[in-house]
2 protein chains.
Amino acid sequence: MPGGFGKGSVWCHGRFRGYGYRMTVSRQAILDVLNTTVKHLSAEDIYHEVHKIHPSSGMSTVYRTLELLSRLKLVFKFDFGDGRARYELNKRLENKEYHHHHLVCINCQRVIDYTDFIEDEVELLKKTEKGLSKKYNFKIMRHILQFYGLCNRCEEKGKE
Amino acid sequence: MPGGFGKGSVWCHGRFRGYGYRMTVSRQAILDVLNTTVKHLSAEDIYHEVHKIHPSSGMSTVYRTLELLSRLKLVFKFDFGDGRARYELNKRLENKEYHHHHLVCINCQRVIDYTDFIEDEVELLKKTEKGLSKKYNFKIMRHILQFYGLCNRCEEKGKE
DNA sequence: TTGAGAGTGGGAATCATTATCAATAAGGAG
DNA sequence: CTCCTTATTGATAATGATTCCCACTCTCAA
């Protein structure tokens, strides 16, 4: 993936402009990083990646852009309880192929994504969403399902 | 609920002592607050409540105690993505009567607990937990299920 | 090409949470 | 009950993530 901005971010231009925002080099770089990376990145991760492409971009811009993207519903902000937020493209989350839930280790903070068992879960969640939406008059846009516990490494250590 | 420390925290004494920790006035007060309050409290909320009972307790003690209680698996730390952690007694979470999931408004951060629809969800989640535990060799202790979206108030405002 | 104003970088400010440390108090031994 | 060890505490400093501020820069419609 040498240098340039992939087509991945092009689809955002319209969305940006539609709301009166401008597409800038930094924003493109940030979108590109989000597009070409698999994991849930922290703001700092993103900053580092963006820095490789466009060294003059600053941390503030990363935060500002992520906030903007959040507001535009283009990215989703996760919280695994380790004191820093993670970000992921909604496009990716909505994609059946990428949609996943999490196993979070409460000891070492390791996060495992899983996509197995998802089918049944998602089906039930959809049903629940409908019920909740109606009852609480709440427009549900996304969900988080996380299981907390001890990963194999930490479970072993605990026994010593 | 006038003044004194309810019986609620007594059951913890043994647990504390068993691990070589001491039961102190501050810790009792913190446990008592957690015991007698319904909502997910932030550290600061807890500090304020504790302050009413035992004004000389400091913030550090609250954080330290919550950390300890977390380690002892007596409380669970939640994260709703608003930059501050919330705490709730595990005892309460395990209690079928209290177990709930969350609706989180991404605009005003309001959190709605719901207990409806829980039955089916929990049943499926249990099944999933089993499968995941085995496959990933992960000891699951708790789960979080949160739906994110817009509450009625914010949805309305958005339309204006 | 140009001007209005959106967007920027970097450093200061804020906020929640942690670490430090001398002083205090819990609780077992005597 | 008193003493002594040492876990615990409160105040405050330190940290780390995130947000704010502001003079300068760049985008893009006209």
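So that the names make sense, note that chain A is the first sequence line, chain B the second, and so on, each numbered from 1. The figures here come from the full heavy-atom set of this structure, side chains too, leaving out hydrogens, waters and symmetry mates.
Atom-to-atom, CG of A/L68 to P of C/dG7 comes out at 7 Å; the value is rounded to the nearest Å. Distance CD (B/Q28) to P (C/dA26): 10 Å, rounded to an integer number of Å. If you measure from atom CG of B/L66 to atom P of C/dA16, you get 15 Å, rounded to the nearest angstrom. Rounding to whole angstrom units, CZ of residue B/R84 and P of C/dT17 are separated by 7 Å. Per the geometry, OH belonging to B/Y63 stands 17 Å off C1' belonging to D/dT9, to the nearest Å. Rounding to whole angstrom units, CZ of residue A/R71 and P of C/dA6 are separated by 13 Å. Per the geometry, NE2 belonging to B/H54 stands 7 Å off P belonging to D/dG10, to the nearest Å. Spacing between atom OH of B/Y21 and atom P of C/dG27 amounts to 15 Å, rounded to whole angstrom units.
Sequence order on DNA chain C of the closest nucleotides to B/G83 and B/R22 puts B/G83 first from the 5' end.
Contact check, B/S60 against D/dT8: no side-chain N or O comes under 4.0 Å of OP1 or OP2. Side-chain nitrogen and oxygen atoms of B/R27 include at least one within less than 4.0 Å of the OP1 or OP2 phosphate oxygen of D/dT8.
Counting non-hydrogen atoms under 4.0 angstrom, B/S57 reaches the backbone sugars and phosphates but no base. Nucleic acid contact class of B/T24 (heavy atoms, under 4.0 Å, all strands): sugar-phosphate only.
Below 30°, between 30° and 60°, or above 60°: for A/Y47 and A/H51 the angle between ring planes is between 30° and 60°, a tilted geometry. A/Y114 and B/Y136 have tilted rings, their planes meeting at an angle from 30° to 60° on a 0 to 90° scale.
The base of D/dG10 is paired with the side chain of B/R64 by a donor and an acceptor separated by under 3.5 Å.
Closest to the side chain of B/E44, out of D/dT9, C/dA16, C/dG27, is C/dA16. Comparing D/dT27, C/dT17, D/dG10 by their nearest atom to the side chain of B/A43 picks out C/dT17.
When ring centroids are compared, B/H100 and B/H40 come within the 6.0 Å threshold.
A salt bridge links A/D116 to B/K135: one of the charged nitrogens lies within less than 4.0 Å of a carboxylate oxygen.
By the 6.0 Å and 45° rule, B/R92 stacks over the aromatic ring of B/Y98.
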